[in-house]
Every structure is written in C-alpha cells, then in structure tokens.
Visitor: 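The following block contains the structure, expressed as structure tokens.
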Amino acid sequence: MEKFKVGIAGLGVVGSGVVRNVRSQADLLASRSGCAFDITTIAVKDPSKSRDLDTTGIQIITDPLQIARDPEIQIVVELMGGTGLARELVCESLRNGKAVVTANKALLAECGEELLALAASSRKPLCFEASVAGGIPILKALREGLIANRILSLHGIINGTCNYILSQIAQTGASYADSLAEAQKLGFAEADPTLDVEGYDAMHKTIVLAALAYGFWIPQNLVRVEGISRLQNEDFSYAKMLGYTIKLLGTIRSHDDGAVEAHVSPTFIPRSHVLASVGGSFNALSVRGDVVGDTLYYGRGAGSNPTASAVISDMVEAALALSGGVALRPCATHSLYAKVRPFDETSSAYYTRLSVLDQPGTLAKISAVFAEHNIGISSVFQPKEHPGDFVSLILLSDRALERDYRGAIATIERLPVVSGSAAAVRVEEFES
Ligand code: NDP
Ligand code: HSE
C-alpha cells in the first residue's frame, strides 16, 4: 500500500466533500487502487469560519502557496476557484514536482494550454475531471473510451445552476430570482453566480471539452456565449406549446473543412429528445463519434459529493501516475482540427418572438424579409390571449446561417409594424 501526502487549497462546497469522502471511502480506495491518502494540509481564506467538518490532525493554513512549497506533499488539490492565485498555485506545484488535481474550469479555459505544457515538461500529471459536468466522467470518456473516434458533435447541459433554474421555471412556474437563490443555497452556483447565468461557466467547460475532443484550446473570445437571464417566462410557455423545452446548451461540432464550432446558448430542444428530460442540477452530454455513433452521459453536474467523486478519481489517477503508471495525455494535439468556425458562419433553426401590429399584411412584410435573407419559415403561431394593437407573433425558421438570421432580424426590428426587439432562440433538432 502506497500512502500519498495531499495538500488541498479550498475547503468550501467541493473541498469539504473531498475531505469527507476520502475518509469514508478509504478502504474502498485502498482495495481498488492500492493507494491511501493522507490529507496533511488545507488552505482556507478564513480559518475562523465554523465548518461542519472534523479537521483534527490537518494543518489549516491561509497561504495556499505554502502547500506548493511543502516538500512532503506529493499531490496538490486546487479547489479555491479564481484564476490568479489558483494559477500560481498550480504552476508552482508542478514546478516543484507535485501532481496537481483541479476542478477549476475558469482556470483551464484561460490557461489550460500553458498549464498542460508545464505539466508535460515537469513530467507530472495535471488532472481536471471535476472541471466539467461534476460527477460525470466525461473527460475520461472522451480521452479513453472514445479514443478511436473523431468527435462529430457534442451537445451538453453542463451548468447545473442554469439547468436547475430553467427546470424550476418550466415545471413549477417559479421565478428566476427565487430559483437562482435556491441553486446558490444548494451549493451549485459559482461564488459569482453571473458566471453561471450569463453562460461563462458553460463556456469554460465547452472549451475544456473541445480541447479533449479536438486537441486544441479555443480562445475564449472565439466562443459565442449567451446566458439565460434574458429569457422571458412567455418563451417557456410558447416552447411548450410548440413541443420544445429550453436548455442552456454548450455545443461543439466539427465540419468537413476541419473547422470546429463552439458556442453556448439557450436552445429549444424537442421534448422527445432525451436531453429534454434532464432536470434540476443534473447534467447530460450527448456525444456523436464517427465510429460509435450517438452516446449519452448523465449525472449530477454540481454539488459537494458528485464533484468530490470526480476529484477523488483524479487523486487516484495522479497517485498511480506518480508511482510509475502510464497516464494517457489529457488532450493530445492532433492535426485533424485546428481552426474555429466563426459563430456568424454556423447555422441553426430559430425561434423568434415579435411584438407586431395586429393588422392584415403584417405577416407578409415579416416573411418577405426572411425570404430576402434566404430563410424559410416552418411554422407561425399567433397567440390570441391578449388581443390589442400589438400582439405576439411566434415564428420557427428553417435552418439558416447565423449571419443571415441576424441580418433578417435587424431589418424586421426596423419595420413600422414591429415594436421593440425580437426574442430569438436557437432550435436544435439533432439531425443525423
Ligand atoms: P467555495 O466558494 O465553496 O469554496 C472555496 C474555498 O476556497 C473556500 O474554502 C475558501 O476559503 C477557499 N479560498 C478562496 N480563496 C482563497 C484564498 N485566497 N486563500 C485560501 N483559501 C481560499 O467554492 P466551491 O467549492 O464551490 O468551488 C471550488 C472550485 O471547484 C471552483 O473552481 C469551482 O468552479 C469548482 N467546481 C465547483 C462545483 C460546485 O458544485 N460547487 C462543481 C465543479 C467544480 P473559506 O472557506 O475560508 O472562505
Ligand atoms: N456552478 C457550476 C454549475 C458548478 O452550476 O454547474 C459545477 O461546475
């Protein structure tokens, strides 16, 4: 039995789950992996905070870099969040010959390439399974299980907070603000929940997924991000009437010219699709490989125990690598894909909600603009609940280029028969 000394930076939602479960699963981990873990040191911001956790025998410190410099510690687990001090900790730990485990997707999206290069030159593992989809071992699936595949597409519900909020609104009619407060209370949300609701957390995860799937790190400014905060309750009702549900999707797709598209957007998905039934803080990813076809991964994407499950799996992987085991490269670069398709050149079907003058000829004017931009309309729906001068008009378009659709919407918004801005949401039909 080999025993590994571990230092952890962060004892919040995830850190406390790791400490609790490393203890409770110690026998299981030992018999399965031959490894034991001795958590010697934990760095926190406020050591006086009361914690529902017994830390007897663990040194509690306030300077995380002390962990990186402790010659006894072999595995450093970064669970603080942020990209400043966390980056310093990871870099210094790798330089000092330690294995590193992190759940920090913001850090990876910002400097994953640099950190993995440093890990490679230090010949030490940098493991980050918990950074995407909490307890679902999706990175291992992409790296190992699907190694024989070119990844054709990946659609992921990868933010538990947003999925919790969207499910609450759709299923119980709860308000956006109450649902967000509940998600925060349950420990799903980031310290700054703007990262969740504006789509940035899902964007960070999309970048990590794309690095695994396509072997290169997409710069953050090339991933179009839209969050859920601008969705209106009426869009949920219309989605339901039309046979859809709204999910925040991270989408990655490869094209024949070798370009990869990556974006995060609220998306209408058919209620008959398996992703539509993923509720609460659950995450799910649908991955299409050229050899395997369609695969699906489902589980809890946030919270203390699910995330701890992934972190501990990485601690075992790090320990095995330190004791001489072979570790697959986390994201091997390859020549298949290396460029990003601009968002304007991606295509989708679209849901559009307009406020329009309730008079003959209005629909003709709007459909003429769509036609001028080469966009077909597959369905039109005018709810009659609140007749008046202006009424809602709902349209579903055929698949169109984002650039053409945005051009059409800009023109439509200027029509005298249209009031205010259009609500526009992508529609994903998951065609084969
Ligand atoms: P929390 O805010 O619950 O915990 C953060 C911890 O880090 C706290 O213990 C805090 O100390 C400590 N900390 C923060 N800054 C410092 C500092 N400067 N020096 C020392 N300690 C510091 O965050 P989470 O546990 O939710 O998240 C941790 C990481 O895991 C983040 O990167 C997050 O994105 C990621 N993650 C979170 C998931 C979740 O479900 N919550 C799921 C997957 C990944 P103190 O306790 O004293 O305040
Ligand atoms: N805030 C994140 C979420 C935590 O809600 O999904 C898990 O990464």
Side-chain angles (χ1 to χ4, degrees), residues 7-20 41-53 55 60-68 76-90 101-110 128-136 138-139 156-167 179-180 182-206 208-209 227-228 248 250 264 278 280-285 299-311 314:
I8 301 180
L11 190 57
V13 174
V14 183
S16 53
V18 170
V19 175
R20 252 194 314 271
T41 312
I42 299 178
V44 296
K45 201 171 193 170
D46 176 6
S48 68
K49 204 186 250 183
S50 97
R51 297 171 203 272
D52 183 20
L53 188 76
T55 52
I60 303 293
I61 59 171
T62 52
D63 177 8
L65 296 178
Q66 218 177 300
I67 296 174
V76 174
V77 183
E78 185 281 304
L79 302 171
M80 292 184 297
T83 55
L85 187 55
R87 178 177 167 278
E88 263 186 81
L89 174 66
V90 171
V101 173
T102 179
N104 191 335
K105 53 268 170 167
L107 176 68
L108 290 157
E110 191 171 304
F128 46 92
E129 183 64 59
S131 66
V132 181
I136 308 173
I138 183 63
L139 302 189
I157 295 172
I158 46 181
N159 184 271
T161 301
C162 287
N163 206 46
Y164 184 83
I165 296 170
L166 294 176
S167 308
S179 308
L180 171 57
E182 191 68 19
Q184 287 180 285
K185 213 160 72 192
L186 292 166
F188 307 147
E190 297 300 304
D192 171 8
T194 315
L195 289 172
D196 296 296
V197 295
E198 296 306 340
Y200 296 109
D201 176 75
M203 180 261 274
H204 296 148
K205 293 166 178 167
T206 299
V208 175
L209 287 164
I228 62 167
L248 184 73
V264 172
V278 175
S281 71
F282 278 91
N283 281 194
L285 302 99
R300 288 206 180 272
S304 189
N305 284 339
T307 314
S309 166
V311 171
D314 272 353

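Ligands are counted one by one from 1 in listed order, and the atoms in each one are counted from 1 as well. Not measured: the values here are computed from a predicted model.
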Visitor: At what distance is the nearest protein heavy atom to atom 19 (N) of ligand 1, and which residue and atom is it?
Guide: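 Looking only at protein heavy atoms, the one closest to atom 19 (N) of ligand 1 is P64 CG, 3.6 Å.
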
Visitor: Give a yes or no on whether atom 32 (O) of ligand 1 lies under 4.0 Å from any heavy atom of the protein.
Guide: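 Within 4.0 Å of atom 32 (O) of ligand 1, protein heavy atoms are found.
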
Visitor: Report the part of K49 in contact with ligand 1, treating N, CA, C, O as backbone and CB onward as side chain, heavy atoms under 4.0 Å; options are side chain, backbone, both, neither.
Guide: side chain

Visitor: How far is atom 28 (C) of ligand 1 from its nearest protein heavy atom, and which residue and atom name does that atom have?
Guide: L79 O, 3.3 Å

Visitor: Quick one: look up the protein heavy atom nearest atom 3 (O) of ligand 1 and list residue, atom name and how far away it is.
Guide: V13 N, 2.9 Å

Visitor: Measure the spacing between CD of E190 and CD of Q184 and express it to the nearest 0.5 Å.
Guide: 11.0 Å

Visitor: So among L195, D201, T194, D196, which one has a side-chain contact (heavy atoms from CB on, under 4.5 Å) with E198?
Guide: T194

Visitor: Could you find the nearest protein heavy atom to atom 36 (N) of ligand 1 and give me its residue, atom name and distance?
Guide: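 Looking at atom 36 (N) of ligand 1, the protein heavy atom closest to it is K105 NZ, 3.4 Å.
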
Visitor: Report yes if some heavy atom in the side chain of L85 is under 4.5 Å from a heavy atom in the side chain of L65; otherwise report no.
Guide: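 Yes. Closest side-chain heavy atoms under 4.5 Å.
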
Visitor: Applying a heavy-atom cut-off of 4.0 Å, say which part of A130 lies close to ligand 1: side chain, backbone, both or neither.
Guide: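 Backbone only; the side chain of A130 stays clear of ligand 1.
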
Visitor: With heavy atoms only and a cut-off of under 4.0 Å, state how D63 meets ligand 1: side chain, backbone, both or neither.
Guide: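 The answer is neither; D63 stays 4.0 Å or more away.
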
Visitor: What residue and atom, counting heavy atoms only, is the protein's closest point to atom 2 (O) of ligand 1, and at what distance?
Guide: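 Here the closest protein heavy atom is A191 CB, 4.6 Å.
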
Visitor: Report the nearest protein non-hydrogen atom to atom 5 (O) of ligand 2: residue, atom name, distance rounded to 0.1 Å.
Guide: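 Result: T161 OG1, 2.7 Å.
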
Visitor: Considering only non-hydrogen protein atoms, determine which one is nearest to atom 9 (O) of ligand 1 and report residue, atom name and distance to 0.1 Å.
Guide: L11 N, 2.8 Å

Visitor: Return the SG to CD1 distance between C162 and I157, rounded to the nearest 0.5 Å.
Guide: 11.0 Å

Visitor: Just heavy atoms, cut-off under 4.0 Å: does N159 contact ligand 2 by side chain, backbone, both, or neither?
Guide: both

Visitor: Tell me which protein heavy atom sits closest to atom 8 (O) of ligand 2, plus the residue, atom name and distance to 0.1 Å.
Guide: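 Going atom by atom, the protein heavy atom closest to atom 8 (O) of ligand 2 ends up being K105 NZ, 2.6 Å.
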
Visitor: Do T307 and V13 have side-chain heavy atoms sitting under 4.5 Å apart?
Guide: no

Visitor: For ligand 2, is any non-hydrogen atom under 4.0 Å from L195's backbone (N, CA, C, O), its side chain (CB onward), both, or neither?
Guide: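 The answer is neither; L195 stays 4.0 Å or more away.
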
Visitor: Within the structure, does K205 bring an N/O atom to less than 3.5 angstrom of an N/O atom in ligand 2?
Guide: yes

Visitor: May I ask you to identify, for T307, whether its side chain, its backbone, both or neither come under 4.0 Å of ligand 1 on a heavy-atom basis?
Guide: side chain

Visitor: Examine G187 against ligand 1 and note whether any of their N/O atoms are separated by less than 3.5 Å.
Guide: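 Yes.
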
Visitor: Nearest 0.5 Å please: distance from the CG atom of L107 over to the CG atom of L89.
Guide: 9.5 Å

Visitor: Is the closest heavy atom of A9 to ligand 1 under 4.0 Å?
Guide: no

Visitor: To the nearest 0.5 Å, what is the distance between OG1 on T55 and CD1 on I60?
Guide: 4.5 Å

Visitor: Can you tell me which residue and heavy atom of the protein come closest to atom 46 (O) of ligand 1, and the distance to 0.1 Å?
Guide: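 That would be R51 NH1, 2.7 Å.
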
Visitor: Counting C-beta onward and ignoring hydrogens, is there a side-chain heavy-atom pair between K49 and V44 closer than 4.5 Å?
Guide: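 Of all side-chain heavy-atom pairs linking V44 with K49, none is under 4.5 Å.
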
Visitor: For the residue pair L139 and S131, establish whether any side-chain heavy-atom pair is separated by less than 4.5 Å.
Guide: yes

Visitor: Any chance you could measure R300, atom CZ, to S309, atom OG, to the nearest 0.5 Å?
Guide: 12.5 Å

Visitor: So is G134 touching ligand 1 or not, going by heavy atoms under 4.0 Å?
Guide: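 Heavy atoms of G134 never come under 4.0 Å of ligand 1.
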
Visitor: With heavy-atom distances below 4.5 Å as the criterion, would you say the side chains of I138 and E129 are in contact?
Guide: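 Yes. Closest side-chain heavy atoms under 4.5 Å.
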
Visitor: What are the atoms of ligand 1, with element, lying closer than 4.0 Å to any heavy atom of G10?
Guide: 6 (C), 7 (O), 9 (O), 12 (C)

Visitor: Do P47 and T62 have side chains that get closer than 4.5 Å, going by heavy atoms?
Guide: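 In contact.
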
Visitor: Can you name the atoms of ligand 1, numbered from 1 with element, that are less than 4.0 Å from a heavy atom of A302?
Guide: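 Matching atoms, with element in brackets: 40 (O).
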
Visitor: Which distance, rounded to the nearest 0.5 Å, do you find between the NE2 of H204 and the OG1 of T83?
Guide: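 It is 8.5 Å, given to the nearest 0.5 Å.
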
Visitor: What atoms in ligand 2 come closer than 4.0 Å to a heavy atom of E190?
Guide: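 The list of qualifying atoms is 1 (N), 2 (C), 4 (C).
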
Visitor: If you count the atoms of ligand 1 from 1 in the order shown, which ones are under 4.0 Å from a heavy atom of E190?
Guide: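 That gives atoms 33 (C), 34 (O) of ligand 1.
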
Visitor: If we only count N/O pairs under 3.5 Å, is F188 in contact with ligand 2?
Guide: yes

Visitor: Taking atom 6 (O) of ligand 2 as the point of reference, which of G187, G160, A106 owns the nearest heavy atom?
Guide: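 That would be G160.
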
Visitor: Any nitrogen or oxygen of G12, main chain or side chain, under 3.5 Å from a nitrogen or oxygen of ligand 1?
Guide: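 Looking only at distances, the answer is yes, because the N/O contact criterion of under 3.5 Å is met.
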
Visitor: Heavy-atom contact under 4.0 Å between E78 and ligand 1?
Guide: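 The answer is no: ligand 1 sits nowhere under 4.0 Å from a heavy atom of E78.
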
Visitor: Checking the side chain of E78 only, and the main-chain atoms of A103 only, is there a donor and an acceptor separated by less than 3.5 Å?
Guide: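 Answer holds: no.
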
Visitor: For Y164, is there any backbone N or O sitting under 3.5 Å from a side-chain donor or acceptor partner on S281?
Guide: no

Visitor: Any side-chain to backbone donor/acceptor pair from N163 onto I158? Under 3.5 Å, distance only.
Guide: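 Looks like no, no N/O pair under 3.5 Å.
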
Visitor: Counting only heavy atoms on the protein side, is anything nearer than 4.0 Å to atom 23 (O) of ligand 1?
Guide: no

Visitor: Measure the distances from the heavy atoms of G134 to every atom of ligand 2 and state whether one is below 4.0 angstrom.
Guide: no

Visitor: Could you check atom 15 (N) of ligand 1 against the protein and tell me its nearest heavy-atom contact, residue, atom and distance included?
Guide: K45 CD, 4.0 Å

